Protein chains: 2
Amino acid sequence: MTGYTLYGRNASPYTRRTAIVMRLLDLPFKQVVVSPFTDLDEIRKVNPLGRVPVLRLADGTCLVESACIIDHLLGDHDGDHRILPAGGPDRRRDLQLVALCQTATDKGVLAGHELLMRPAEKRHAPFLQARIDQARAAMLALEDRLADRPLPGGTPSLGEITAAVTLDFLDGFMPFVLRGLPLPATRSLGERLEATDSFTAQAPEARMGLDPAPDLS
Amino acid sequence: MTGYTLYGRNASPYTRRTAIVMRLLDLPFKQVVVSPFTDLDEIRKVNPLGRVPVLRLADGTCLVESACIIDHLLGDHDGDHRILPAGGPDRRRDLQLVALCQTATDKGVLAGHELLMRPAEKRHAPFLQARIDQARAAMLALEDRLADRPLPGGTPSLGEITAAVTLDFLDGFMPFVLRGLPLPATRSLGERLEATDSFTAQAPEARMGLDPAPDLS
C-alpha cells in the first residue's frame, strides 16, 4: 500500500488528470470526493487555500497544485519516462500541450464563474466574451499541435492526458465555450483516451451543463 | 549568442521570474517589453493566446507559460541543479513554494481585474473579497514554509525567486491585498533578493498602484 490519498472530484480537470496519471503509474490511492463548492471546511483541513487536488502522502505531507503533484509522482515512479520525456524537445513539446490546456481550463472556469458566482446584474458581457475567446484560442493552438501527432498507441503522455481531460471538462461543464470550434484531432484523441480504463475509472461524477449561456447582451 | 528573445514586461511577475532565472543562469537574452494591455497585436505574432511571457528560441520556436519556459531552460542550462533540486523532498518543497505563489498571484490578479476591467456597477464585492482572502491564505502558507528556511546565501532557488517576485508584485500593484498581513520571513527574503543584481536588472518598469481599493460596500 502506497498510502496516497487524493482529495478532489473528477469534475475538477486538475484532480482528474492527477488521478489518471496515478492509475497509469499503477499507484493505488484512496480518493476523497470533495468539492470547493460544498466541502470547503473539509478541504481546508488538508489545504489552507481550500483548493483541490490535494495529495496526502503516507507521511502526512500534503501537496497542492496538480503540476507539482504530478512532478513529484513522476520523479518517484516514472523512471522510464513513459508519461513525460526526461528532457529535450520531446519534453518541451509535451509541456507546451499542458500549458495550452491550462490556459483553456483557467479561462473557461473564469467564463463559468462569471455566470455562476455573481448575480445577473453584476455580469459583464465584454469580460465574459474575452475569456471565451482566450479559451478558444488556446484550444485551436492545441489542435494545431495535436494534428501532426499520431494517436497514442500505448501509454499516453502527460500532454495527451491533459488535452483529453480539458476537452471533456469544457464540453461537459460549459459547452458554450467551444461550440462550433473545429477540433478534429483533439476530439479523436479524446475519444481514444476516454474509452480506456484509466479514464473511465475516473469519470466525472456529474456534468452540471451550464448551457446555454445566459444572454448578457 | 544564445539567440533568446523574451517577450513581456517585468511588471508581469511571470515574465520577471523567467528573466531573473535567465540572468542567474548567465543566459544572454533580448527583452521585448510588451504588455497585453497595450501591445496585444504584437504579442499575438509570437503567441496566439496574447499572453506573456513568451520565449523565442534561436530556431524560432516560441514557448509559452513561465513554468514550461523555466523547465526547458533548467533542463538545458542547470545541469548542476543550482536553481532547482533534481528530485526528492527538496525539489518537492521548492515547487510547493512556487505553487503557493501562483495561487497568490492568480487570485491577486483576479482581484485587480475586478477593479480595472469592469465598470463600477458590474463589480461584485463578495467575489472580490473571496479572491483577496485566497491570495492572503496563499501568502500565509508561503510565510509558514519560508520561516523555517535560512535566507539564501548564494544562488536562490526557483521557489525563493518566485516568492520574492510575488511579494513585490502584490505590494507594488495591488497593496490592498496584503495590507497588514504578518509576513516577516517573506519580507526578509524579498529585501535580500531585491538588492541583488539579477533582481535590480529586472525591476518592474512602473507600479500602477491600485490603491486604495474602491469601496464596494
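As the structure is a computational prediction, the values presented were derived from the model and not from experiment. Every chain is numbered from 1 and lettered A, B, ... according to where its sequence line falls, protein lines coming before strand lines.
Enclosure of atom CZ in A:Arg136 by more than 12 non-hydrogen atoms of other residues, nucleotides or ligands within 6.0 angstrom is indicated.
For a residue to count as touching a neighbouring chain, one of its non-hydrogen atoms must lie under 4.5 Å from one of that chain's; by this rule B:Arg118 touches chain A with backbone and side chain alike. In this structure, chain A has no heavy atom under 4.5 Å from any part of B:Leu140. Of the atoms belonging to B:Ala138, heavy atoms from both backbone and side chain fall under 4.5 Å from chain A.
At a threshold of 4.0 Å, the pair B:Asp71-A:Arg92 does not count as salt-bridged, since none of the basic side-chain nitrogens sits closer than that to a carboxylate oxygen.
Listed by sequence position, B:Pro48, B:Leu49, B:Arg51 are the residues of residues 45-53 of chain B in contact with chain A, using a 4.5 angstrom heavy-atom cutoff.
The choice from A:Asp133, A:Thr61, A:Val64 that makes the most heavy-atom pairs within less than 4.5 Å of chain B is A:Val64. Ranking A:Gln134, A:Gln102, A:Arg91 against chain B, the residue ahead of the rest is A:Arg91, based on heavy-atom pairs under 4.5 Å. Contacts with chain B were tallied for A:Gln96, A:Glu65, A:His72; A:Gln96 has the most, counting heavy-atom pairs under 4.5 Å. Each of B:Ala137, B:Pro119, B:Pro126, B:Ala141 has some count of heavy-atom pairs under 4.5 Å with chain A, and the biggest count is that of B:Pro119.
The side chain to side chain contact (heavy atoms under 4.5 Å, CB included) with A:Cys68 is formed by just one residue from the set B:Leu95, B:Leu100, B:Asp94, B:Val98; it is B:Leu95.
Taken to the nearest 0.5 Å, the NZ atom of A:Lys122 stands 13.5 Å off from the CZ atom of B:Phe127.
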